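Comments concern the structure below.
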Amino acid sequence: MAAGDGDVKLGTLGSGSESSSDGGSESPGGAGAAAEGGGWAAAALALLTGGGEMLLNVALVALVLLGAYRLWVRWGRRGLGTGAGAGEESPAASLPRMKKRDFSLEQLRQYDGSRNPRILLAVNGKVFDVTKGSKFYGPAGPYGIFAGRDASRGLATFCLDKDALRDEYDDLSDLNAVQMESVREWEMQFKEKYDYVGRLLKPGEEPSEYTDEEDTKDHNKQD
């Protein structure tokens with residue numbers, strides 16, 4: 001906006017100079033010099049005025065950037081965690097990669113981030129290690145309610161309260177086609193970001209026995 005104003009003023013100034021110079025050529029020498037001097041004074045005033053507006057705009061932009069930087073520093077530190085909060089990320093760095101195995105609901109609940117530093121959750125029958133996302137899935141995280149549980153129904157229905165959790169095995173048979181498609185999309189997103197560590201067992205189902213070769217091959221696919 002300031003540049004536009006400056007352009008307009010410079011254009012107007014150019015027309016005045018040309019008129020003044022024309023007037024100077026037609027007038028006697030003294031009058032022409034006075035007119036020319038008046039033109040330069042007007043030019044200097046216009047430039048100073050335009051420069052003042054530009055400096056004001058630069059100052060305003062600097063203030064806005066400074067405010068944005070301060071907000072980024074304040075909220076960025078909260079997001080990354082400082083002091084006690086920073087410890088939320090440390091378990092993921094210190095824990096070894098979990099070997100592949102299957103889980104019953106009861107076994108899965110042991111990995112809720114409070115009784116065990118490792119955090120697991122299930123989506124569409126698959127169990128994922130989300131420990132590195134502890135600031136989201138840990139006890140104090142916004143999605144901590146899903147830790148150690150089957151999160152499928154909650155993710156499908158966008159529900160983050162206990163109504164989305166079942167104490168017994170949830171076969172999701174009452175979900176409609178759109179909700180089931182949402183569950184599958186969530187499954188793919190978790191598979192891309194977190195380690196898949198095994199299946200969620202149905203009642204009476206026996207766990208599979210995974211060899212070290214199968215476990216390594218599956219982890220290498222994710223890497």
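All figures in this text were calculated on a predicted structure; none of them were measured in a lab.
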Would you mind reporting whether [Y] and [X] have side-chain heavy atoms less than 4.5 Å apart?
| X | Y | value |
| --- | --- | --- |
| V123 | F146 | no |
| Y143 | V130 | no |
| V127 | L108 | yes |

From [X] [atom1] over to [Y] [atom2], what is the distance, rounded to the nearest 0.5 angstrom?
| X | Y | atom1 | atom2 | value |
| --- | --- | --- | --- | --- |
| R199 | D102 | CZ | CG | 4.0 Å |
| L95 | K132 | CG | NZ | 13.0 Å |
| N124 | M180 | CG | CE | 5.0 Å |
| F190 | L121 | CZ | CG | 5.0 Å |
| E168 | L105 | CD | CG | 8.5 Å |

R97 and D195: CA distance, side-chain angles, deciding distance, salt bridge (charged side-chain N to carboxylate O under 4.0 Å, His left out) verdict: CA-CA 8 Å; R97 175 172 270 173; D195 287 340; 3.3 Å; yes

State which residues pass side-chain hydrogen bond (donor to acceptor under 3.5 Å, both in side chains) with [X]; sequence neighbours excluded, sorted by chain then number.
| X | answer |
| --- | --- |
| K126 | E187 |
| R184 | E181 |
| D112 | S114, R115 |
| D167 | R149 |

ring-ring contact (aromatic ring centres under 6.0 Å, His included) pairs, two or more places apart, involving residues 106-127: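 Every ring-ring contact (aromatic ring centres under 6.0 Å, His included) pair that includes a residue of residues 106-127, provided the two are not neighbours, is F103-Y111.
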
Determine yes or no for a side-chain-to-main-chain donor-acceptor pair under 3.5 angstrom, with [X] supplying the side chain and [Y] the backbone.
| X | Y | value |
| --- | --- | --- |
| K191 | W186 | no |
| E192 | Q189 | no |
| S104 | L201 | no |
| N116 | Q110 | no |

Listed partners of K162 passing side-chain contact (heavy atoms from CB on, under 4.5 Å), at least two apart: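 If we apply the side-chain contact (heavy atoms from CB on, under 4.5 Å) test to K162, skipping adjacent residues, the hits are I145.
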
Before accepting this row, confirm whether a basic side-chain N of the pair [X]/[Y] lies closer than 4.0 Å to the acidic partner's carboxylate O.
| X | Y | value |
| --- | --- | --- |
| E209 | R101 | no |
| R118 | D129 | yes |
| D174 | R153 | yes |

Stepwise side-chain contact (heavy atoms from CB on, under 4.5 Å) check, V197 with L120: CA-CA 9 Å; V197 295; L120 306 180; 4.3 Å; yes

Non-hydrogen atoms of S152 and L172 that approach each other most closely: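 Closest approach of S152 to L172: CB-CD1, 3.7 Å.
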
Ring geometry between Y194 and Y137 (parallel below 30°, tilted from 30 to 60°, perpendicular above 60°): perpendicular

